[in-house]
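What follows is a single structure, written as C-alpha coordinates, with notes after it.
Values in this document were obtained by computation on a predicted structure and should not be read as measured data. A note on names: the letters A, B, ... follow the listed sequences, proteins ahead of strands, and every chain is numbered from 1.
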Number of protein chains: 2
Amino acid sequence: MANKQDKLVLRLERFFPYRLSILSNKISSIIADTYKDKFAISITEWRIMAVLGEFPDISADEISARTQIEKSLISRSVSKLLKRKLIDRDMAEDDRRRSMIRLSDTGNAVYEEIVPLSYQYERALLECFSETEQDQFSHLIDRLYEHANSL
Amino acid sequence: MANKQDKLVLRLERFFPYRLSILSNKISSIIADTYKDKFAISITEWRIMAVLGEFPDISADEISARTQIEKSLISRSVSKLLKRKLIDRDMAEDDRRRSMIRLSDTGNAVYEEIVPLSYQYERALLECFSETEQDQFSHLIDRLYEHANSL
DNA sequence: CCAATTTAGTTGCACATACAACTATTGTCA
DNA sequence: TGACAATAGTTGTATGTGCAACTAAATTGG
(Lines give C-alpha, C1' and ligand atoms only; values in the text may rest on other atoms or scores of the structure.)
Protein backbone atom coordinates (compact mmCIF):
# COMPACT_ATOMS: atom_id res chain seq x y z
CA MET A 1 0.00 0.00 0.00
CA ALA A 2 1.25 3.46 -0.84
CA ASN A 3 2.52 5.52 2.06
CA LYS A 4 4.69 8.53 2.70
CA GLN A 5 7.89 6.70 1.87
CA ASP A 6 6.73 6.28 -1.70
CA LYS A 7 7.02 10.03 -2.18
CA LEU A 8 9.02 10.82 -5.30
CA VAL A 9 12.20 12.46 -4.10
CA LEU A 10 14.60 14.63 -6.06
CA ARG A 11 18.22 13.78 -5.47
CA LEU A 12 19.55 17.29 -5.92
CA GLU A 13 23.23 16.33 -5.84
CA ARG A 14 22.65 13.99 -8.79
CA PHE A 15 20.39 16.32 -10.74
CA PHE A 16 22.13 17.30 -13.97
CA PRO A 17 21.25 20.98 -14.10
CA TYR A 18 22.37 21.37 -10.50
CA ARG A 19 25.65 19.53 -11.06
CA LEU A 20 26.42 21.60 -14.14
CA SER A 21 25.68 24.78 -12.25
CA ILE A 22 27.90 23.86 -9.31
CA LEU A 23 30.70 22.80 -11.62
CA SER A 24 30.51 25.92 -13.72
CA ASN A 25 30.37 28.20 -10.69
CA LYS A 26 33.38 26.52 -9.16
CA ILE A 27 35.42 26.90 -12.34
CA SER A 28 34.29 30.48 -12.96
CA SER A 29 34.95 31.58 -9.41
CA ILE A 30 38.52 30.31 -9.55
CA ILE A 31 39.04 32.32 -12.73
CA ALA A 32 37.26 35.34 -11.29
CA ASP A 33 39.58 35.35 -8.27
CA THR A 34 42.65 35.21 -10.49
CA TYR A 35 41.54 38.06 -12.74
CA LYS A 36 40.42 40.10 -9.79
CA ASP A 37 43.60 39.61 -7.78
CA LYS A 38 46.08 40.12 -10.59
CA PHE A 39 44.30 42.60 -12.84
CA ALA A 40 41.33 43.99 -10.90
CA ILE A 41 39.04 42.89 -13.70
CA SER A 42 35.72 41.08 -13.44
CA ILE A 43 34.72 38.11 -15.57
CA THR A 44 32.27 40.29 -17.46
CA GLU A 45 34.96 42.87 -18.18
CA TRP A 46 37.36 40.15 -19.22
CA ARG A 47 34.86 38.62 -21.61
CA ILE A 48 34.39 41.98 -23.26
CA MET A 49 38.13 42.43 -23.59
CA ALA A 50 38.50 38.88 -24.88
CA VAL A 51 35.98 39.49 -27.65
CA LEU A 52 37.70 42.74 -28.55
CA GLY A 53 41.01 40.88 -28.77
CA GLU A 54 39.44 38.60 -31.36
CA PHE A 55 37.27 41.17 -33.12
CA PRO A 56 38.55 44.74 -32.91
CA ASP A 57 36.30 47.69 -33.75
CA ILE A 58 32.93 46.14 -33.09
CA SER A 59 29.87 47.79 -31.57
CA ALA A 60 28.45 47.30 -28.08
CA ASP A 61 25.61 45.37 -29.63
CA GLU A 62 27.96 42.98 -31.33
CA ILE A 63 29.86 42.47 -28.08
CA SER A 64 26.55 41.67 -26.46
CA ALA A 65 25.69 39.15 -29.16
CA ARG A 66 29.08 37.46 -28.95
CA THR A 67 29.30 37.25 -25.15
CA GLN A 68 25.61 36.83 -24.34
CA ILE A 69 25.97 39.68 -21.86
CA GLU A 70 22.97 41.98 -21.43
CA LYS A 71 23.38 45.25 -23.29
CA SER A 72 22.90 47.33 -20.15
CA LEU A 73 25.71 45.44 -18.47
CA ILE A 74 27.85 45.95 -21.56
CA SER A 75 27.17 49.66 -21.40
CA ARG A 76 28.25 49.97 -17.77
CA SER A 77 31.25 47.72 -18.19
CA VAL A 78 32.37 49.64 -21.27
CA SER A 79 32.18 52.85 -19.22
CA LYS A 80 34.43 51.36 -16.57
CA LEU A 81 36.89 50.03 -19.14
CA LEU A 82 36.98 53.43 -20.84
CA LYS A 83 37.70 55.17 -17.53
CA ARG A 84 40.53 52.76 -16.90
CA LYS A 85 41.77 53.35 -20.44
CA LEU A 86 41.74 49.64 -21.28
CA ILE A 87 39.62 50.27 -24.37
CA ASP A 88 39.00 53.08 -26.86
CA ARG A 89 35.75 54.03 -28.50
CA ASP A 90 34.50 56.33 -31.17
CA MET A 91 31.26 56.59 -33.03
CA ALA A 92 30.76 55.10 -36.48
CA GLU A 93 30.74 57.80 -39.16
CA ASP A 94 27.96 56.25 -41.17
CA ASP A 95 25.71 55.65 -38.13
CA ARG A 96 26.15 57.98 -35.20
CA ARG A 97 24.30 55.65 -32.87
CA ARG A 98 26.75 52.82 -33.29
CA SER A 99 30.10 52.78 -31.53
CA MET A 100 33.38 51.24 -32.58
CA ILE A 101 35.22 49.75 -29.64
CA ARG A 102 38.71 48.32 -29.47
CA LEU A 103 41.43 47.51 -26.96
CA SER A 104 43.76 50.39 -26.18
CA ASP A 105 47.51 49.82 -26.04
CA THR A 106 47.23 49.27 -22.30
CA GLY A 107 44.27 46.98 -22.88
CA ASN A 108 46.23 45.00 -25.40
CA ALA A 109 49.11 44.63 -22.98
CA VAL A 110 46.76 43.30 -20.31
CA TYR A 111 45.10 41.07 -22.87
CA GLU A 112 48.40 39.56 -23.87
CA GLU A 113 49.18 38.85 -20.24
CA ILE A 114 45.87 37.19 -19.50
CA VAL A 115 45.53 35.01 -22.59
CA PRO A 116 48.41 32.65 -21.78
CA LEU A 117 47.16 32.38 -18.20
CA SER A 118 43.72 31.47 -19.46
CA TYR A 119 45.03 28.75 -21.70
CA GLN A 120 47.22 27.50 -18.89
CA TYR A 121 44.25 27.28 -16.57
CA GLU A 122 42.19 25.50 -19.19
CA ARG A 123 44.97 22.96 -19.66
CA ALA A 124 45.28 22.45 -15.91
CA LEU A 125 41.54 21.86 -15.70
CA LEU A 126 41.44 19.38 -18.54
CA GLU A 127 44.52 17.45 -17.50
CA CYS A 128 42.22 15.08 -15.62
CA PHE A 129 40.96 13.90 -19.03
CA SER A 130 42.69 11.98 -21.79
CA GLU A 131 42.71 13.49 -25.27
CA THR A 132 39.83 11.26 -26.24
CA GLU A 133 37.83 12.27 -23.22
CA GLN A 134 38.47 15.93 -23.90
CA ASP A 135 37.04 15.51 -27.37
CA GLN A 136 34.07 13.57 -26.06
CA PHE A 137 33.36 16.19 -23.44
CA SER A 138 33.69 18.98 -25.96
CA HIS A 139 31.26 17.38 -28.37
CA LEU A 140 28.78 16.54 -25.63
CA ILE A 141 28.79 20.13 -24.43
CA ASP A 142 28.18 21.40 -27.96
CA ARG A 143 25.36 18.96 -28.55
CA LEU A 144 23.70 19.71 -25.23
CA TYR A 145 23.93 23.44 -25.83
CA GLU A 146 22.34 23.09 -29.25
CA HIS A 147 19.62 20.96 -27.78
CA ALA A 148 18.95 23.23 -24.79
CA ASN A 149 18.52 26.11 -27.21
CA SER A 150 15.85 24.20 -29.07
CA LEU A 151 13.74 23.47 -25.96
CA MET B 1 59.75 37.96 -38.41
CA ALA B 2 57.24 38.39 -35.62
CA ASN B 3 54.55 40.96 -36.15
CA LYS B 4 51.12 41.88 -34.79
CA GLN B 5 49.41 38.95 -36.42
CA ASP B 6 51.40 36.53 -34.29
CA LYS B 7 49.57 37.80 -31.21
CA LEU B 8 48.21 34.89 -29.19
CA VAL B 9 44.43 35.16 -29.38
CA LEU B 10 41.85 33.62 -27.08
CA ARG B 11 38.94 32.08 -28.91
CA LEU B 12 36.35 32.83 -26.28
CA GLU B 13 33.57 30.79 -27.86
CA ARG B 14 35.78 27.71 -27.75
CA PHE B 15 37.16 28.31 -24.26
CA PHE B 16 35.95 25.55 -21.94
CA PRO B 17 35.12 27.58 -18.85
CA TYR B 18 33.15 30.01 -21.00
CA ARG B 19 31.25 27.27 -22.81
CA LEU B 20 30.38 25.57 -19.55
CA SER B 21 29.20 28.83 -18.09
CA ILE B 22 26.99 29.66 -21.07
CA LEU B 23 25.56 26.16 -21.14
CA SER B 24 24.83 26.13 -17.43
CA ASN B 25 23.26 29.58 -17.50
CA LYS B 26 21.05 28.63 -20.40
CA ILE B 27 19.82 25.50 -18.64
CA SER B 28 19.36 27.22 -15.29
CA SER B 29 17.50 30.16 -16.73
CA ILE B 30 14.98 27.89 -18.43
CA ILE B 31 14.38 26.18 -15.09
CA ALA B 32 14.25 29.49 -13.25
CA ASP B 33 11.57 30.77 -15.60
CA THR B 34 9.45 27.66 -15.07
CA TYR B 35 9.67 27.79 -11.28
CA LYS B 36 9.08 31.51 -11.25
CA ASP B 37 6.08 31.41 -13.57
CA LYS B 38 4.33 28.42 -12.05
CA PHE B 39 5.29 28.65 -8.39
CA ALA B 40 6.78 32.10 -7.82
CA ILE B 41 9.91 30.47 -6.45
CA SER B 42 13.54 31.30 -7.22
CA ILE B 43 16.19 28.70 -7.98
CA THR B 44 17.78 29.35 -4.60
CA GLU B 45 14.49 28.84 -2.82
CA TRP B 46 13.83 25.70 -4.81
CA ARG B 47 17.22 24.25 -3.96
CA ILE B 48 16.51 24.78 -0.29
CA MET B 49 13.14 23.09 -0.62
CA ALA B 50 14.67 20.26 -2.62
CA VAL B 51 17.22 19.52 0.07
CA LEU B 52 14.49 19.63 2.72
CA GLY B 53 12.50 17.14 0.67
CA GLU B 54 15.45 14.77 0.84
CA PHE B 55 16.58 15.59 4.36
CA PRO B 56 13.84 16.88 6.66
CA ASP B 57 14.68 18.59 9.95
CA ILE B 58 18.13 19.83 9.12
CA SER B 59 19.71 23.11 10.19
CA ALA B 60 20.38 26.18 8.05
CA ASP B 61 24.05 25.32 8.16
CA GLU B 62 23.45 21.85 6.81
CA ILE B 63 21.30 23.30 4.03
CA SER B 64 24.16 25.60 3.21
CA ALA B 65 26.63 22.72 3.11
CA ARG B 66 24.39 20.61 0.92
CA THR B 67 23.42 23.33 -1.57
CA GLN B 68 26.64 25.39 -1.54
CA ILE B 69 24.52 28.47 -0.94
CA GLU B 70 26.01 31.17 1.30
CA LYS B 71 24.62 31.09 4.79
CA SER B 72 23.44 34.69 4.65
CA LEU B 73 21.46 33.89 1.52
CA ILE B 74 20.05 30.82 3.26
CA SER B 75 18.97 32.98 6.15
CA ARG B 76 17.11 35.46 3.99
CA SER B 77 15.57 32.78 1.80
CA VAL B 78 14.43 30.82 4.85
CA SER B 79 12.72 33.97 6.11
CA LYS B 80 10.84 34.31 2.86
CA LEU B 81 9.86 30.64 2.79
CA LEU B 82 8.65 30.89 6.39
CA LYS B 83 6.52 33.93 5.57
CA ARG B 84 4.99 32.05 2.68
CA LYS B 85 4.45 29.06 4.98
CA LEU B 86 6.30 26.69 2.66
CA ILE B 87 8.57 25.55 5.48
CA ASP B 88 8.41 25.21 9.27
CA ARG B 89 11.17 25.83 11.75
CA ASP B 90 11.83 25.39 15.40
CA MET B 91 14.94 25.52 17.48
CA ALA B 92 16.81 22.39 18.53
CA GLU B 93 16.26 21.66 22.23
CA ASP B 94 19.83 20.59 22.86
CA ASP B 95 21.33 23.61 21.10
CA ARG B 96 19.30 26.78 21.02
CA ARG B 97 21.42 28.25 18.27
CA ARG B 98 20.61 25.53 15.79
CA SER B 99 17.31 25.38 13.93
CA MET B 100 15.36 22.41 12.64
CA ILE B 101 13.80 23.19 9.29
CA ARG B 102 11.35 21.10 7.29
CA LEU B 103 8.78 21.46 4.53
CA SER B 104 5.31 22.42 5.71
CA ASP B 105 2.27 20.59 4.31
CA THR B 106 1.93 23.32 1.73
CA GLY B 107 5.64 23.09 1.00
CA ASN B 108 5.38 19.37 0.55
CA ALA B 109 2.49 19.77 -1.85
CA VAL B 110 4.51 22.23 -3.93
CA TYR B 111 7.54 19.96 -3.71
CA GLU B 112 5.56 17.02 -5.01
CA GLU B 113 4.37 19.11 -7.92
CA ILE B 114 7.82 20.34 -8.86
CA VAL B 115 9.79 17.10 -8.58
CA PRO B 116 8.14 15.34 -11.53
CA LEU B 117 8.54 18.49 -13.62
CA SER B 118 12.21 18.60 -12.76
CA TYR B 119 12.79 15.03 -13.77
CA GLN B 120 10.79 15.61 -16.92
CA TYR B 121 12.95 18.59 -17.81
CA GLU B 122 16.12 16.62 -17.09
CA ARG B 123 14.94 13.84 -19.38
CA ALA B 124 14.04 16.32 -22.11
CA LEU B 125 17.50 17.85 -21.85
CA LEU B 126 19.33 14.55 -21.99
CA GLU B 127 17.27 13.07 -24.79
CA CYS B 128 19.88 14.39 -27.21
CA PHE B 129 22.28 11.79 -25.75
CA SER B 130 22.26 8.02 -25.95
CA GLU B 131 22.36 6.07 -22.67
CA THR B 132 26.07 5.55 -23.13
CA GLU B 133 26.66 9.22 -23.75
CA GLN B 134 24.65 10.16 -20.69
CA ASP B 135 26.87 7.93 -18.57
CA GLN B 136 30.00 9.32 -20.16
CA PHE B 137 28.87 12.86 -19.61
CA SER B 138 27.93 12.13 -16.03
CA HIS B 139 31.30 10.61 -15.23
CA LEU B 140 33.20 13.37 -16.95
CA ILE B 141 31.32 15.99 -14.96
CA ASP B 142 32.09 14.19 -11.71
CA ARG B 143 35.75 13.83 -12.55
CA LEU B 144 36.11 17.43 -13.64
CA TYR B 145 34.39 18.66 -10.49
CA GLU B 146 36.70 16.59 -8.30
CA HIS B 147 39.68 17.89 -10.19
CA ALA B 148 38.58 21.53 -10.13
CA ASN B 149 38.22 21.25 -6.37
CA SER B 150 41.81 20.11 -6.09
CA LEU B 151 43.27 23.04 -8.05
C1' DC C 1 8.87 64.34 -47.22
C1' DC C 2 7.20 63.28 -42.81
C1' DA C 3 5.02 60.33 -39.16
C1' DA C 4 5.68 55.92 -37.25
C1' DT C 5 8.77 52.25 -36.30
C1' DT C 6 13.15 50.27 -35.40
C1' DT C 7 17.73 50.28 -33.57
C1' DA C 8 21.98 51.50 -30.44
C1' DG C 9 23.04 52.76 -26.34
C1' DT C 10 22.16 54.71 -21.49
C1' DT C 11 19.98 55.02 -17.18
C1' DG C 12 16.60 54.08 -13.20
C1' DC C 13 15.16 50.77 -10.31
C1' DA C 14 14.46 46.48 -8.03
C1' DC C 15 16.33 42.53 -6.57
C1' DA C 16 20.16 38.92 -6.02
C1' DT C 17 24.30 37.80 -3.89
C1' DA C 18 28.94 38.05 -1.37
C1' DC C 19 31.55 39.35 2.41
C1' DA C 20 32.16 40.97 6.82
C1' DA C 21 30.56 42.44 11.26
C1' DC C 22 27.56 41.32 14.74
C1' DT C 23 24.56 38.66 18.50
C1' DA C 24 23.60 34.71 21.01
C1' DT C 25 24.76 30.28 22.46
C1' DT C 26 27.78 26.46 23.27
C1' DG C 27 32.29 24.20 23.85
C1' DT C 28 37.14 24.07 25.61
C1' DC C 29 40.63 23.94 28.82
C1' DA C 30 43.69 25.82 32.23
C1' DT D 1 34.63 27.90 37.14
C1' DG D 2 35.56 31.44 34.01
C1' DA D 3 37.84 33.52 30.09
C1' DC D 4 38.41 32.53 25.38
C1' DA D 5 37.37 30.29 21.16
C1' DA D 6 34.11 28.21 18.11
C1' DT D 7 29.57 27.80 16.05
C1' DA D 8 24.64 29.07 14.21
C1' DG D 9 22.29 32.40 12.47
C1' DT D 10 21.16 37.42 11.31
C1' DT D 11 21.95 41.81 9.42
C1' DG D 12 24.55 45.87 7.09
C1' DT D 13 26.60 47.17 3.12
C1' DA D 14 28.54 47.12 -1.38
C1' DT D 15 28.23 45.39 -5.74
C1' DG D 16 26.32 42.60 -9.62
C1' DT D 17 22.67 41.90 -12.78
C1' DG D 18 18.12 41.99 -15.32
C1' DC D 19 14.25 44.37 -16.98
C1' DA D 20 12.02 48.22 -18.57
C1' DA D 21 11.81 53.04 -19.65
C1' DC D 22 14.17 56.43 -21.93
C1' DT D 23 17.04 59.39 -25.58
C1' DA D 24 18.88 59.96 -29.94
C1' DA D 25 19.59 58.48 -34.49
C1' DA D 26 18.31 55.93 -38.56
C1' DT D 27 14.94 53.47 -41.45
C1' DT D 28 10.50 52.61 -43.53
C1' DG D 29 6.09 53.25 -45.78
C1' DG D 30 2.48 56.02 -47.28
salt_bridge(B:Arg98, B:Asp90) N-O dist < 4.0 Å: no
Residues of residues 49-63 of chain A with a heavy atom under 4.0 Å from any atom of DNA chain C, listed by number, are A:Ser59, A:Ala60, A:Asp61
Cation over ring face, B:Arg66 and B:Phe55, 6.0 Å, 45°: yes
Is the closest side-chain donor-acceptor distance between B:Ser118 and A:Tyr18 under 3.5 Å? no
Does B:Leu52 belong to the same Ile/Leu/Val/Met/Phe/Trp/Tyr cluster as B:Met100, with side-chain heavy atoms less than 4.5 Å apart forming each link? no
Could you state the CG-P distance from B:Leu81 to C:dA16, rounded to the nearest angstrom? 12 Å
Main-chain N/O of A:Leu126 paired with A:Gln134 side-chain donor or acceptor, under 3.5 Å: yes
May I ask you to say whether A:Glu45 pairs ionically with A:Arg47, meaning some side-chain N is under 4.0 Å from a carboxylate O? no
Give the residues of residues 82-104 of chain A touching DNA chain D, defined as any heavy atom closer than 4.0 Å, sorted by residue number. A:Asp95, A:Arg96, A:Arg97
Rounded to the nearest Å, what distance is computed from the CZ atom of residue B:Arg47 to the P atom of nucleotide C:dA16? 15 Å
Every protein N/O within reach of nucleotides 15-18 of chain D N/O, cut-off under 3.5 Å:
residue	atom	partner	partner atom	Å
D:dG16	OP2	A:Lys80	NZ	3.3
D:dT17	OP2	A:Thr44	OG1	3.2
D:dG18	O6	A:Arg76	NH2	2.8

Between A:Arg19 and B:Asp142, is the closest basic N to carboxylate O distance under 4.0 Å? yes
Side chain of A:Ser99, backbone of A:Arg89: donor and acceptor closer than 3.5 Å? no
Mind calculating the distance between CD1 (A:Ile43) and P (C:dT17) to the nearest angstrom? 17 Å
Describe, in one word, how the ring planes of B:Phe137 and A:Phe16 are oriented to each other, choosing from parallel (under 30°), tilted (30 to 60°) and perpendicular (over 60°). parallel
First of A:Asp33 and A:Val78 reached from the 5' end of DNA chain C, by closest nucleotide: A:Val78
Any salt bridge linking B:Arg143 with A:Glu133? Criterion: basic side-chain nitrogen under 4.0 Å from a carboxylate oxygen. yes
